Q: 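Please find one structure pasted underneath; my questions will follow.
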Amino acid sequence: MKHLPKHLQPRWRYLAIELEGWPDASIDRRAFQRECWYAGQNLLGDPGSAAADLTVVRFEFEEGVGSAIVRVHRGETEPARAAIACIDEIDGSPVGIRICGISGTIRAGEENYLGRRRQEFEERNVVFGNEERVAVVRDGSADVRLDDAFAGATDLDYNLA
Amino acid sequence: MYEAVHAHPDGQSTVARLAKTAADYGYEGVVVRNHSSARAEYEPDEISAEYGIDVVEGVEIRADNPEQASGSVGNYRPSHTIVALEGGSNALNRFAVEQPKIDVLAGPMAGSGDVNHVLAKAAVENGVRIEFDLSGVLRTSGGRRVRTIQSLRKLGEIVDYYDAPHVVSADPTSHLELRAPRELKALGEEIGFSSEFVEDGLAEWGRLAERNRHVQSESFIEPGVERGRYEEES
């Protein structure tokens with residue numbers, strides 16, 4: 001079908017989103033898309049989520065951190081922000097989610113708001129709670145592997161082994 | 001704006017990690033409100049200096065009945081800047097709002113708890129802040145979430161009518177459960193609270209901390225009486 005004349009084309013806004021999980025989390029685009037739509041439907045209802053759109057257009061997630069760009073209709077950014085804030089786990093792994101900014105184009109969103117986070121990480125032995133543990137350390141933060149879970153810590157919390 | 005958090009061992013992340021993430025998210029401070037049975041060990045000044053965020057020492061008292069709660073309030077009041085009481089039953093809610101030594105009634109609508117006009121008036125009189133706990137909206141779904149939103153709306157109407165003091169929190173137990181203030185404001189709008197109401201509730205923690213620090217400081221003697229610089233005699 002012939003594309004719409006420019007004044008009838010939808011006005012999109014792109015939400016730049018940062019994701020964070022425990023180091024063992026593995027999340028793919030499909031799962032994130034599903035959670036976005038579920039969250040929209042649960043909070044905003046069918047009409048609200050139709051108005052907001054919430055299509056994931058960019059997604060990456062590796063080693064516990066990731067980023068995404070979600071497309072939203074102009075004027076529906078605040079309901080979309082609320083819906084996305086309600087995503088607390090994806091495929092059973094808890095995630096931290098934060099909207100860093102809103103742009104009119106995907107490229108501006110990526111350039112202005114994403115990709116600043118340092119990706120380097122290392123595994124180190126640390127002393128946490130008087131026991132030696134393995135931790136994934138990234139930019140001053142550490143996810144310490146306990147017996148059956150992780151604990152979030154920082155450089156201030158442990159003594160290097 | 002401040003957020004009130006449960007840190008390791010009450011939650012999964014340490015105070016430092018929560019403070020670091022909260023600073024990233026644009027909060028001005030965190031209130032550590034671990035339950036009385038799971039105290040965290042931390043250095044507020046060190047964390048505050050490292051991440052540029054205020055760290056407030058608090059406690060959330062969990063008690064089975066008012067008698068037990070009363071004992072705990074006496075124990076924790078002198079050493080903590082913010083003392084909250086976990087509500088959740090009518091007896092405890094009633095006790096909390098009638099006790100000026102308590103700063104915050106946390107989660108009044110949880111469990112079998114309820115709030116009415118009598119409690120709201122008592123809260124105004126004693127300056128007890130009623131907490132709006134958004135964790136149920138953020139982290140549950142289905143019927144339970146519907147009931148949580150219903151009870152928050154009811155609480156909102158009562159608090160609004162009597163202009164009772166309130167605080168708002170997402171009640172995070174790990175850095176992953178923290179949400180930025182703008183997100184909480186947007187969420188508030190969706191469930192029927194204005195963004196000013198949510199912003200005010202988040203800022204109230206900070207005002208409370210500032211007031212209590214002033215009251216607990218050395219120079220404060222009693223309301224209206226303070227040790228000033230004119231006292232020095234040569």
Side-chain angles (χ1 to χ4, degrees), chain A residues 15 17-22 25 35 38-45 48 52 64-65 76-90 93-102 116-117 128-130 135 139-144 146 148-158, chain B residues 5 7-9 11-26 40-51 55 134-143 145-146 149 170 172-191 193 195 198:
Chain A
L15 308 184
I17 292 170
E18 274 185 355
L19 295 159
E20 196 179 353
W22 297 118
E35 289 297 333
Y38 269 137
Q41 209 174 10
N42 284 339
L43 189 73
L44 313 172
V65 291
E76 297 293 330
T77 49
E78 288 310 296
R81 186 191 282 276
I84 285 170
C86 294
I87 299 175
D88 69 321
E89 37 173 65
I90 300 175
S93 20
V95 289
I97 199 159
R98 179 198 178 192
I99 295 157
C100 311
I102 303 177
R116 285 204 199 130
R117 194 147 48 171
F128 182 78
N130 290 331
D139 199 15
S141 305
D143 293 330
V144 184
L146 304 181
D148 52 350
F150 285 94
T154 73
D155 288 345
L156 297 179
D157 291 311
Y158 50 76
Chain B
V5 302
H8 186 84
Q12 293 111 53
S13 302
T14 60
V15 176
R17 184 64 178 274
L18 284 158
K20 184 170 189 266
T21 313
D24 273 353
Y25 282 8
E41 282 175 31
Y42 58 103
E43 299 288 336
D45 298 332
E46 193 189 348
I47 296 169
S48 185
E50 178 77 22
Y51 303 119
V55 178
L134 298 179
S135 64
V137 189
L138 287 163
R139 300 195 287 272
T140 59
S141 61
R145 191 190 200 190
V146 174
I149 296 175
T173 59
S174 77
H175 63 283
L176 301 177
E177 289 178 0
L178 265 170
R179 291 292 177 270
R182 266 190 98 166
E183 266 87 305
L184 296 184
K185 283 190 249 173
L187 183 65
E189 291 275 355
E190 286 307 310
I191 60 172
F193 300 113
S195 57
V198 175

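Proteins get letters first, then strands, A, B, ... in listed order; numbering begins at 1 in each. Owing to the predicted nature of the structure, the values given are computational and were not obtained by experimental measurement.
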Q: Pick from B/Val146, B/Asp24, B/Leu184: which one has the most heavy-atom pairs with chain A under 4.5 Å?
A: B/Asp24
Q: Tell me the closest heavy-atom pair linking B/Thr14 and A/Ala153, and the distance in Å.
A: OG1-CA, 3.4 Å
Q: Output the option from B/Glu41, B/Lys185, B/Arg145, B/Glu189 having the highest count of non-hydrogen pairs under 4.5 Å with chain A.
A: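 Of the options given, most contacts go to B/Arg145.
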Q: Is any NZ, NE, NH1 or NH2 atom of the basic residue among A/Asp143 and B/Arg17 found under 4.0 Å from an Asp or Glu carboxylate oxygen of the other?
A: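 Salt bridge flag = yes for B/Arg17 with A/Asp143.
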Q: About how many Å separate CD of B/Glu190 and CZ of A/Arg81, when rounded to the nearest 0.5 Å?
A: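 Spacing of CZ (A/Arg81) from CD (B/Glu190) equals 12.0 Å.
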Q: I'd like to know which of B/Arg182, B/Glu177, B/His8 tops the heavy-atom pair count under 4.5 Å against chain A.
A: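 That would be B/Arg182.
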Q: If I measure from the heavy atoms of chain B, does A/Ala80 come under 4.5 Å with its side chain, its backbone, both, or neither?
A: neither
Q: Any chance you could measure B/Tyr51, atom OH, to A/Thr154, atom OG1, to the nearest 0.5 Å?
A: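 These two atoms lie 3.0 Å from each other.
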Q: Taking all non-hydrogen atoms of both residues into account, name the closest pair between B/Tyr25 and A/Ile97 and its distance.
A: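 Scanning both residues, the minimum pair turns out to be OH-O, 4.1 Å.
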Q: side-chain contact (heavy atoms from CB on, under 4.5 Å) with A/Ala39: which residues, sequence neighbours excluded?
A: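 With neighbours one apart ignored, the set is A/Ile87.
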Q: Ignoring hydrogens and angles, state whether a donor on the side chain of A/Tyr38 or B/Ser141 is under 3.5 Å from an acceptor on the partner side chain.
A: no
Q: Heavy-atom pairs under 4.5 Å with chain B are the metric here; pick the option from A/Gly140, A/Pro94, A/Pro79, A/Gly48 that has the most.
A: A/Pro79
Q: Looking at every heavy atom in both B/Leu187 and A/Leu43, which two are closest together, and how far apart are they?
A: CD1-CD2, 3.8 Å
Q: Are A/Leu156 and B/Tyr42 packed together at the side-chain level, in the sense that at least one heavy-atom pair is separated by less than 4.5 angstrom?
A: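 SC-SC contact between A/Leu156 and B/Tyr42 ruled out.
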Q: First locate atom OG1 of B/Thr21, then atom CD of A/Glu20, and finally report the distance between them rounded to the nearest 0.5 Å.
A: 6.0 Å
Q: To the nearest 0.5 Å, what is the distance between CD (B/Glu50) and CG (A/Asp155)?
A: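 Those atoms lie 7.5 Å apart.
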Q: What part of A/Phe150 gets closer than 4.5 Å to chain B, counting heavy atoms only: side chain, backbone, both or neither?
A: backbone
Q: Does A/Ala85 offer a backbone N or O that forms a donor-acceptor pair with the side chain of B/Arg179 under 3.5 Å?
A: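 Yes: the side chain of B/Arg179 pairs with the backbone of A/Ala85.
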Q: What part of B/Ile47 gets closer than 4.5 Å to chain A, counting heavy atoms only: side chain, backbone, both or neither?
A: both
Q: B/Glu43: which residues meet the side-chain contact (heavy atoms from CB on, under 4.5 Å) condition with it, sequence neighbours left out?
A: B/Glu46
Q: Between A/Ser141 and B/Lys20, what is the shortest heavy-atom contact and its length?
A: OG-NZ, 2.7 Å
Q: Of all heavy-atom pairs between A/Gly152 and B/His175, which one has the smallest distance, and what is that distance?
A: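 Shortest heavy-atom separation between A/Gly152 and B/His175 comes out as CA-CE1, 4.0 Å.
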